Amino acid sequence: MNINKNDAITSRDTDFAKWYTDVCRKAELMDYSSVKGFIIYRPYGYAIWEQIQKYLDGRFKGIGVSNVYMPLVIPESLFNKEKEHVEGFAPETLIATIGGKAKIDDPLIIRPTSEVLFCEHYAKIVSSHRDLPKMYNQWCSVVRWEKTTRPFLRGSEFLWQEGHTIFATEGEARGNALEILKIYGDLGNDVLAIPFVKGLKTDKEKFAGALETYSIEALMHDGKALQSGTTHYFGTGFAEAFGIKFQDKDNILRTPHQASWGVSTRLIGSIIMVHGDDNGLVLPPLVAPIQIVIIPIQQNREGILAKAEEIKNRLEKEGYRVSLDASDRSPGWKYAEYEMKGVPLRLEIGPRDLESGNVVIARRIDGHKEVVKDSDIEKEVQRLLKEVHNVMLDKARVFLDSHILAVKSVAELKSVVDKGGYAKMMWCGCRECEDKIKELTTATARCMPLDDQIPFDDKCPVCGKKAERVVYFAKAY
RNA sequence: CGGGACGUAGCACAGCUUGGUAGUGCGCUUGGUUCGGGACCAAGAGGUCGAGGGUUCGAAUCCCUCCGUUCCGACCA
């Protein structure tokens, strides 16, 4: 194979970080702008986000969430109302201080998240139990002045959805945080082919201002974890700070309970690092902007292009996202190009096929090719896409399961996280032990997994005190 | 924000030590031949050398500052 050096990507084993940025750029997902951490989401990358949006938006609306849009800016005075929240975000805010050449007296913070805007609004529109619950969500971008940035994983600006909900009771609010966590889990299993670990964050790792933070954690191919989304139960802290009250059925004035939740374009980073290989991106069929690419061979021959067009139309009619590449590049070039871009299925149609009434379909995940009868294309594509999704999910799950190892000492923990993966540990619950682990191993507590809380020991390996909770530690992005 | 590396055409790089006309390969454009794993021939186009300042008769090259990318830490979706 005559691979052009300029087009080649670094192999994952050589330099995983370089491989990642190579894929981001060469698969045309993004480009850098001239301001640090502000990336350009190119059409192909943005299209992946649109697929994620489409799925989640439907699920959110399915449980009664409404989309809204809040302002881009937050007056500093308003932002300062909730103490923990301010302390959490103050170091990374971008602030506008000049408007039309005049100094702005109350500087405007470019939203790093919109809790306070929602709270301010809820304070105005909630006054009776009849006004509850409210479940709002917005699709927008936020800005955080990050010190180190990486495409999709950590940007100064990133795209996300932030849901902000408010309820009469604690149970409903926490239930909402858990319900959304479940939806995020479904997104992983059913759409992204990523098995997320769902769990509760430790106090140290939880969101500024939250009582409870839940997260979905994905394990990258290099063994590092990536927090891919969070949901929070806020209790009444924000409501108290912003004076949100409602008169209940018993005529008593009560403070409502809130939750919030979000996933961001970081999910694209997860997809890249969970599924990608040395030939580039590998996209799960349900988010792939192009699910099937049709490559005509000897396309100038009588009938080839016409057939390719016909197949394209047939597949589009079935609702698939199909692209026909009739450019004058060689077939080999096209194969490599669409592999780089992670297109799940490639359909080849050439003179041989035309004669025999077949086509060839190749899978991105393993290069496996099958000859398919023309009349069976729709059926086979449906089967193959489903199969590809399942293979990807299984593979990721096997990888995840084999990288969760129970440890009973800090030394064991270090050995596990150094190799890559989650070290599963019984934990006493104190901050000191968590800090100590970070100091000794650079690993952090990812979460206390909801589905894996059966104790396998009774004491914390760090301090030796009684331990009841299972925590996963890992090095993280 | 601390430490390292890097920044020259769309991409990958050479040129810098020792200052003196902007280079190579790939890609791109046009025409032709090709086409089942990154095809070939021919003719072309394309660069304020990351930005600003300084030294000099003269700066891609030497000096200073800034910006960006990247890696390792600290901090964070």
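To find a chain, count down the sequence lines: A is the first, B the second, and so on, and within it residues start at 1. Just so it is clear, the structure is predicted and the values come from calculations on it, not from any experiment.
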Chemist: To the side chain of N300(A), which of C35(B), G36(B), C1(B) is closest?
Modeler: C35(B)

Chemist: Could you check which nucleotide pairs with C6(B) in any of the strands shown, counting Watson-Crick or G-U wobble with both distances under 3.5 Å?
Modeler: G68(B)

Chemist: Identify whether NZ of Lys or CZ of Arg in R446(A) sits under 6.0 Å from the centre of the six-membered ring of F473(A) and within 45° of that ring's axis.
Modeler: no

Chemist: Look at all strands and tell whether F158(A) reaches a base, only sugar-phosphate, or nothing, counting heavy atoms closer than 4.0 Å.
Modeler: base

Chemist: What is the nucleic acid contact for E92(A), judged by heavy atoms within less than 4.0 Å: base, sugar-phosphate only, or nothing?
Modeler: sugar-phosphate

Chemist: Whom does U61(B) pair with, Watson-Crick or G-U wobble, provided both distances fall under 3.5 Å?
Modeler: none

Chemist: Looking at the rings of W145(A) and F89(A), which for Trp means the six-membered one, are their centres under 6.0 Å apart?
Modeler: no

Chemist: On a whole-Å scale, what distance lies between the P atoms belonging to U65(B) and C75(B)?
Modeler: 29 Å

Chemist: Counting the atoms with a prime plus P, OP1 and OP2 as sugar-phosphate, which does Y335(A) contact under 4.0 Å by heavy atoms, base, sugar-phosphate, or nothing?
Modeler: base

Chemist: Please measure how far the C1' atom in G47(B) lies from the corresponding atom in G54(B), and state the result in whole Å.
Modeler: 25 Å

Chemist: Just to be sure I understand the rule, does R25(A) reach a base, reach only the sugar-phosphate, or reach nothing, if contact means heavy atoms closer than 4.0 Å?
Modeler: sugar-phosphate

Chemist: Assign G37(A) to base, sugar-phosphate, or nothing according to its heavy-atom contacts below 4.0 angstrom with the strands shown.
Modeler: sugar-phosphate

Chemist: Among C35(B), A77(B), G68(B), which is the nearest nucleotide to the side chain of E146(A)?
Modeler: A77(B)

Chemist: Look at the side chain of V360(A) and decide which nucleotide, out of G36(B), A77(B), U70(B), has an atom nearest to it.
Modeler: G36(B)

Chemist: To the nearest Å, how far apart are Y214(A) OH and A77(B) P?
Modeler: 17 Å

Chemist: Taking C6(B) as the reference, what is the distance to A14(B) when you measure between their P atoms (whole Å, please)?
Modeler: 10 Å

Chemist: Would K224(A) count as a cation-pi partner of Y477(A), with NZ or CZ less than 6.0 Å from the six-membered ring centre and within 45° of the ring normal?
Modeler: yes

Chemist: Under 4.0 Å between any heavy atoms, over every strand shown, what does R150(A) touch: base, sugar-phosphate, or nothing? Just pick one.
Modeler: sugar-phosphate

Chemist: For F79(A) together with H85(A), are the ring centres under 6.0 Å from each other?
Modeler: yes

Chemist: So what's U55(B) paired with, Watson-Crick or G-U wobble, going by both distances under 3.5 Å?
Modeler: none

Chemist: Choosing from A74(B), A77(B), G27(B), which nucleotide comes nearest the side chain of K147(A)?
Modeler: A74(B)

Chemist: Given atom CD1 of I304(A) and atom P of C35(B), what is their separation to the nearest angstrom?
Modeler: 12 Å

Chemist: I want to confirm an ordering. Mapping G332(A) and E205(A) to their closest nucleotides on RNA chain B, which one lands closer to the 5' end?
Modeler: G332(A)

Chemist: With a 4.0 Å cutoff (strictly under), does any side-chain N or O of R446(A) reach OP1 or OP2 of A77(B)?
Modeler: no

Chemist: What's the gap between U8(B) and U48(B) when it is taken at their C1' atoms, as a whole Å value?
Modeler: 12 Å

Chemist: Measure from the side-chain N and O atoms of Q258(A) to the backbone N and O of A239(A), and report whether any donor-acceptor pair falls under 3.5 Å.
Modeler: yes

Chemist: Is there a donor and acceptor pair, one atom on the side chain of R346(A) and one on the base of G37(B), closer than 3.5 Å?
Modeler: yes

Chemist: For the P atoms, the ones on G25(B) and on U33(B), what distance do you get once it is rounded to whole angstrom?
Modeler: 26 Å

Chemist: NA contact type, T213(A), heavy-atom cut-off 4.0 Å: base, sugar-phosphate, or nothing?
Modeler: nothing

Chemist: Looking at side-chain heavy atoms only, is the closest gap between Y233(A) and T231(A) below 4.5 Å?
Modeler: no

Chemist: Give a yes or no on whether the backbone of V263(A) and the side-chain of Q161(A) come within a donor-acceptor separation of less than 3.5 Å.
Modeler: yes

Chemist: Starting from the 5' end of RNA chain B, give me the residue, A17(A) or V35(A), whose nearest nucleotide shows up first.
Modeler: V35(A)

Chemist: Over all strands shown, is P112(A) touching base, sugar-phosphate only, or nothing at heavy-atom distances under 4.0 angstrom?
Modeler: nothing

Chemist: So does E339(A) reach the base of G37(B) with its side chain, donor to acceptor, closer than 3.5 Å?
Modeler: yes

Chemist: Does any nucleotide pair with C75(B) by Watson-Crick or G-U wobble geometry, both distances under 3.5 Å, and what is it?
Modeler: none

Chemist: Who does C11(B) pair with, Watson-Crick or G-U, both distances under 3.5 Å?
Modeler: G25(B)

Chemist: Grab the NZ-C1' distance between K36(A) and C75(B) for me, whole Å please.
Modeler: 12 Å

Chemist: Nearest whole angstrom, please: distance from the P of G73(B) to the CD of E439(A).
Modeler: 15 Å

Chemist: Can you check the distance between G53(B) and G44(B), where both ends of the measurement are the P atom (answer in whole Å)?
Modeler: 38 Å

Chemist: What nucleotide, of A74(B), U69(B), G36(B), holds the atom closest to the side chain of Y32(A)?
Modeler: U69(B)

Chemist: What is the distance, to the nearest angstrom, from the CG atom on D325(A) to the P atom on C35(B)?
Modeler: 17 Å

Chemist: Between G50(B) and C67(B), how far apart are the C1' atoms? Round to whole Å, please.
Modeler: 7 Å

Chemist: Heavy atoms only, 4.0 Å cut-off, all strands: where does T148(A) land among base, sugar-phosphate and nothing?
Modeler: base

Chemist: For Q298(A) and G37(B), what is the distance between atoms CD and C1' respectively, to the nearest whole Å?
Modeler: 15 Å

Chemist: Which one is paired to C16(B), where only Watson-Crick or G-U wobble pairs with both distances under 3.5 angstrom count?
Modeler: none

Chemist: By nearest atom, which of the nucleotides C35(B), A77(B), G36(B) is closest to the S264(A) side chain?
Modeler: A77(B)

Chemist: Among the candidates A39(B), G37(B), G36(B), find the nucleotide nearest to the side-chain atoms of K369(A).
Modeler: G37(B)

Chemist: Test the K341(A)-Y44(A) pair against the cation-pi criterion, namely NZ or CZ under 6.0 angstrom from the six-membered ring centroid and within 45° of the ring axis.
Modeler: yes

Chemist: Measure the distance from NZ on K18(A) to C1' on A12(B) and round it to the nearest whole Å.
Modeler: 9 Å

Chemist: Check whether any side-chain N or O of W19(A) sits under 3.5 Å from a backbone N or O of D277(A) as a donor-acceptor pair, and report yes or no.
Modeler: yes

Chemist: Does K438(A) have a side-chain nitrogen or oxygen under 4.0 Å from the phosphate oxygens OP1 or OP2 of C75(B)?
Modeler: yes

Chemist: Remember a base hit wins even if backbone is also touched, and classify G88(A) as base, sugar-phosphate or nothing at under 4.0 Å, heavy atoms.
Modeler: nothing

Chemist: Is there a donor-acceptor contact under 3.5 Å from the side chain of H164(A) to the main chain of L117(A)?
Modeler: no

Chemist: Categorize K201(A) for me: base, sugar-phosphate, or nothing, with a 4.0 angstrom heavy-atom threshold over every strand shown.
Modeler: nothing

Chemist: I want to verify a distance call: between A74(B), G36(B), A77(B), whose nearest atom is closest to the P331(A) side chain?
Modeler: G36(B)

Chemist: Have a look at L153(A) and say if it touches a base, only the backbone sugar-phosphate, or nothing, with a 4.0 Å heavy-atom cut-off.
Modeler: base

Chemist: Contact class for V263(A) (heavy atom, under 4.0 Å): base, sugar-phosphate, or nothing?
Modeler: nothing

Chemist: For U34(B), give the paired nucleotide (Watson-Crick: N1-N3 plus N6-O4 or O6-N4; G-U: N1-O2 and O6-N3; both under 3.5 Å), or none.
Modeler: none

Chemist: For G46(B), which nucleotide in any strand shown is its Watson-Crick or wobble partner with both distances under 3.5 Å?
Modeler: none

Chemist: Is D15(A) touching bases, backbone alone, or none of the nucleic acid, heavy atoms closer than 4.0 Å?
Modeler: nothing

Chemist: I need the OH-P distance between Y20(A) and C72(B), as an integer number of Å.
Modeler: 14 Å

Chemist: Would you measure the distance from the C1' atom in C66(B) across to the matching atom in A12(B) and give it in whole Å?
Modeler: 27 Å

